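Single-structure report; data block below.
These numbers come from a predicted model, not from an experiment.
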Protein chains: 2
Amino acid sequence: MLTQTTINGSSRQMLGKGVRRGPPIDCLPSGGSIELMAASMSFSRNEEIYAEGEPADYFYQIVSGTVRTYKILADGRRQIGAFYLPGDMFGLESAEEHAFSAEAIADAKVLVIKRSAVVALAQRDSDVAHQLWAVTARELQRVQEHVLLLIKTAQERVVGFLLEMAERARDDNEVELPMSRQDIADYLGLTIETVSRTLTHLATTAAIEVPTSRRIVLRNRAALSRLNA
Amino acid sequence: MLTQTTINGSSRQMLGKGVRRGPPIDCLPSGGSIELMAASMSFSRNEEIYAEGEPADYFYQIVSGTVRTYKILADGRRQIGAFYLPGDMFGLESAEEHAFSAEAIADAKVLVIKRSAVVALAQRDSDVAHQLWAVTARELQRVQEHVLLLIKTAQERVVGFLLEMAERARDDNEVELPMSRQDIADYLGLTIETVSRTLTHLATTAAIEVPTSRRIVLRNRAALSRLNA
DNA sequence: CGACCATTTGATATGGATCAAGCGATGTGG
DNA sequence: CCACATCGCTTGATCCATATCAAATGGTCG
């Protein structure tokens, strides 16, 4: 369990769009396996899934749509921690409370699992425990790569982002971006203008093609990899 | 087990300074608890503990000294991932192989535990499994805070670094820095000059005092916190 | 004492931010 | 169905924080 396939196979009982801040009711049969405890929830564009500082009582896995996690700094700057795509799990970052807020970027369907149930199951089933650890370790690795992105030049960051998204996409030469330029900028620690200019520049050098602002075709992987430092 | 106190209490069998790349021999009694499986190793200043890409067969915990983990980018830039102080565990970041290299900053004594032994124990003992997860989750949180540092201004980064170090020190108003300015710069994604100038500036404004280059006294926490954004 | 290394300080250059305006797509009301 | 407002994105001009290049200072060890 806790893997994409297993959990994905269990979607049922939509709690319905528009249910906000209302974590799933405990009305599901608490069978012996995790999937029986998962509830599906839907969130519309820009709807909050949870807020920073809230008790982290649930784990989440994306069924469809995209989610961003973020933090607002004291001076209003927003840092996006991650983008989560279908199959990705999120919300298990912290201990007692969420370190980041989470919002749907586009309408999203999400599986929600009670944290305590998973933890309890993990206590009995060492496989579950191991997977819990593995998911967290993978997330750790992702954040470490994010750190490496943030020390690079603007061009390297944008290229790194495109390559990352391409890797996660079906066709890894064409990326459909669910997020806005502002989201990308806040993820990369750049301004929207710099992101835009960089994309334009990459298109000028024929490394990429931008048929529509949300769709990017990687034309020259070699060149991009080179620019990735 | 896996906690600082338990493991710390078990240091024995120094494999000796100068043993390089030689993970501990499996000569220790593999009793039922982790501490019986821990070997102590010593590393001198700048000595490599493990390299990026090596199989991650061991977990480490610092007994004394300081360790830095880092990555060298293609163009020679070095990014420091973390500084580990006595009591801290490291090396459990990744799955199969180390994502970062690790070096002793100052002569260090480190407890080394076979990864497979811990994992095996975790399979039987759910407490161990839970702690394994907890340590990884805490590390994840630390890296997330590092990300937040990296999007800030130079002054905010330096102040954030000082506050972080102060928090980890005994006397949280006086910090003894085991690492060089270059290490700090590579941790913060700045140049050595900018770090130096920023410290000088903070000293000028009486927020800190720098009796020697490796010792920093926090004079005005309120001012520092304000500068931390 | 003299050499070496870490750190600081100074002068200048530059990448990306900021401020500002234009453009194209999408949607809304008349 | 068209006029217009809105929103997301791009493009342009200028500014500034930090990098870069260079040199001076200070501390440590043989």
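- Put simply, CG on B/Asn46 is 12 Å from P on C/dC5, counting in whole angstrom units.
- Of the candidates A/Arg170, A/Arg214, A/Arg215, A/Arg215 is the only one forming a side-chain hydrogen bond (donor to acceptor under 3.5 Å, both in side chains) with A/Glu176.
- A heavy atom closer than 4.0 Å to some atom of DNA chain C occurs in A/Thr153, A/Ala154, these being the qualifying members of residues 148-160 of chain A.
- Between A/Arg181 atom CZ and C/dG24 atom C1' there is a gap of 13 Å when expressed in whole angstrom units.
- With sequence neighbours left out, A/Phe100 forms a ring-ring contact (aromatic ring centres under 6.0 Å, His included) with no residue at all.
- With rounding to whole Å, A/Met179 atom CE is found 15 Å from D/dG8 atom P.
- Within the structure, ring pair (Phe, Tyr, Trp, His ring centres under 6.0 Å) contacts touching residues 203-229 of chain B (residues at least two apart or in different chains) do not occur.
- Applying the 4.0 Å criterion to OP1 and OP2 of D/dG8, one finds that A/Ser180 has every side-chain N and O outside that range.
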Could you go over nucleotides 26-30 of chain D and give all protein N or O partners under 3.5 Å, atom names and distances?
none

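- One atom, CG of A/Leu190, and another, C1' of C/dA17, lie 10 Å apart when rounded to the nearest Å.
- Atom pair A/Gln182:CD and C/dT18:C1' shows a separation of 13 Å (rounding to whole Å applied).
- Between B/His146 and B/Tyr187, the ring-plane angle classifies as parallel under the 30° and 60° cut-offs.
- In this structure, the separation between CG on B/Leu227 and CG on B/Leu202 is 6.5 Å, given to the nearest 0.5 Å.
- For the segment residues 193-213 of chain A, the set of residues with a heavy atom within less than 4.0 Å of an atom of DNA chain C comprises A/Glu193, A/Thr194, A/Arg197, in numerical order.
- For A/Tyr70, the ring-ring contact (aromatic ring centres under 6.0 Å, His included) test picks out no residue, with sequence neighbours left out.
- Using a cut-off of 4.0 Å between Lys/Arg side-chain N and Asp/Glu carboxylate O, A/Asp186 and A/Arg68 are scored as not salt-bridged.
- The end-to-end axis angle of the helix from C/dC1-D/dG30 to C/dG30-D/dC1, rounded to 10 degrees and based on five pairs per end, is 30°.
- Listed by residue number, the members of residues 70-83 of chain A with any heavy atom below 4.0 angstrom from DNA chain D form an empty set.
- A search for side chain to side chain contact (heavy atoms under 4.5 Å, CB included) contacts involving B/Glu139 returns A/Leu140, B/Tyr84, B/Arg142, not counting sequence neighbours.
- Counting only residues at least two apart or in different chains, ring pair (Phe, Tyr, Trp, His ring centres under 6.0 Å) contacts with residues 208-229 of chain A are absent.
- Applying the salt bridge (Lys or Arg N to Asp or Glu O under 4.0 Å) test to B/Arg157 and every residue at least two apart in sequence or in another chain returns nothing.
- Phosphate contact (OP1/OP2 of D/dG8, side-chain N/O of A/Arg214, threshold under 4.0 Å): absent.
- Contacts classified as ring pair (Phe, Tyr, Trp, His ring centres under 6.0 Å) and involving residues 196-229 of chain A (residues at least two apart or in different chains) are not found.
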